[in-house]
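Structure record follows, encoded as structure tokens.
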Amino acid sequence: MDACTIAAPVAASAAAATGLVRARLIAIRYAAEGIHLYEFAAADGPALPPFSAGAHVDLHLPNGLVRQYSLCNPQHETARYVVGIKRDPASRGGSSYVHDQLKVGTLVSLGAPRNHFALHEQARHTVLIAGGIGVTPIACMAQRLRALGASFELHYSVRRREEAAFLDVLAGPGLHLHVDAEQGGAPLPLRELVARAPQEAHLYCCGPAPMLDAFEAACAGRPAGHVHLERFAAATPSAAEGGFTVQLARSGRSVFVPQGATILDTLRGQGVAVQASCEQGICGSCETRVLAGTPDHRDSLLSDEEKRANQVMMVCCSGSKDPVLVLDL
Ligand code: FES
């Protein structure tokens, strides 16, 4: 992912105090045109925190930016994290910095792995759909399913063959590579392959926004709990209507969220420390428990069921449907 920024740099020496892990970049490898693999190992011990397929980490870059990247190595590996990063022509200092400046041996801080795109390992059949660099979490999932001996199919779409990464680990039964340029420019026939999937299948998609929108539309008739996607950028504008009060249960404080501000903006303005990273509802770092009230969910992470449950919310982008919202802060 290359869509998220926070302003404050995080010094390596502060890592332990902030729950971050110090890690050293130990290898950079070419994966495909414009895509490099970056391999990190713990700087202060033999192992990194465990993760599961679909997880991502915050990478705190030496230039002060923080970016989220999916882990793409097998989840049983605890000695290393591997992330695949594509140079984004419109990079705001994340992927371009990584490609141009990050050298083997560099120390960075990593956040603990978070997973809002978790694999349902017990599914009778799994359909994985990846577009472009969206293959990074999907590659980890495919390796996990193969290790489990589970039934799955992987549809990986790239514009040109040179842009296809991970073919060395993905090759084998179940892989269907779709190269647009070799199909007369035709995109992946998403609707057809979703329609072909057994009704009990779990389906996962990660890729550019038009692909995700098409995937959601194609899956409209399927059980919501069987449809999973991960976005690189917000699908819905943040709630900035304001006009409600947030009560902070732990401190007993109340803050009024004015029009034009998010909850996160307002809390920061009042000196309340809240963890946040992407600030657009796609990373999960600002997830906060809701104790009372009805959030106006605007994130791209929670499922419809989770949103209806109103037990947690992303305070960076979501607002309130009630005059008062009580949060576990
Ligand atoms: Fe990323 Fe809120 S800061 S979801």
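We count ligands from 1, going down the list as the structure has it; atoms in each ligand are counted the same way.
Taking backbone and side chain together, Cys286 holds an N, O or S atom under 2.8 Å from atom 2 (Fe) of ligand 1. The distance from atom 2 (Fe) of ligand 1 to the nearest N/O/S atom of Cys278 is not under 2.8 Å.
Aromatic ring centres of Tyr204 and His228 lie closer together than 6.0 Å.
Ligand 1 lies nowhere less than 4.0 angstrom from a heavy atom belonging to Asp299.
The protein non-hydrogen atom at the shortest distance from atom 4 (S) of ligand 1 is Gly284 N, 3.2 Å.
Counting heavy atoms closer than 4.0 Å to ligand 1, residue Leu264 contributes nothing at all.
A donor-acceptor contact closer than 3.5 angstrom is absent between the side chains of Asp296 and Ser318. There is a side-chain donor-acceptor pair under 3.5 Å between Gln68 and Ser277. Side-chain polar atoms of Glu153 and His125 form a donor-acceptor pair below 3.5 angstrom. Checking His36 against Tyr38 by side-chain atom types alone, a donor-acceptor pair falls below 3.5 Å.
Against a heavy-atom cut-off of under 4.0 Å, Ser285 is close to the following atoms of ligand 1: 3 (S). If you number the atoms of ligand 1 from 1 as listed, the ones under 4.0 Å from a heavy atom of Gly281 come out as 4 (S). Close contacts between ligand 1 and Ile282 involve ligand atoms 4 (S) [criterion: under 4.0 Å to a heavy atom]. Taking every non-hydrogen atom of Glu279 and a distance limit under 4.0 Å, the qualifying atoms of ligand 1 come out as 1 (Fe), 3 (S).
Tested against Glu216 for a salt bridge (Lys or Arg N to Asp or Glu O under 4.0 Å), the candidates Arg191, Arg231, Arg222 yield a single pass: Arg231.
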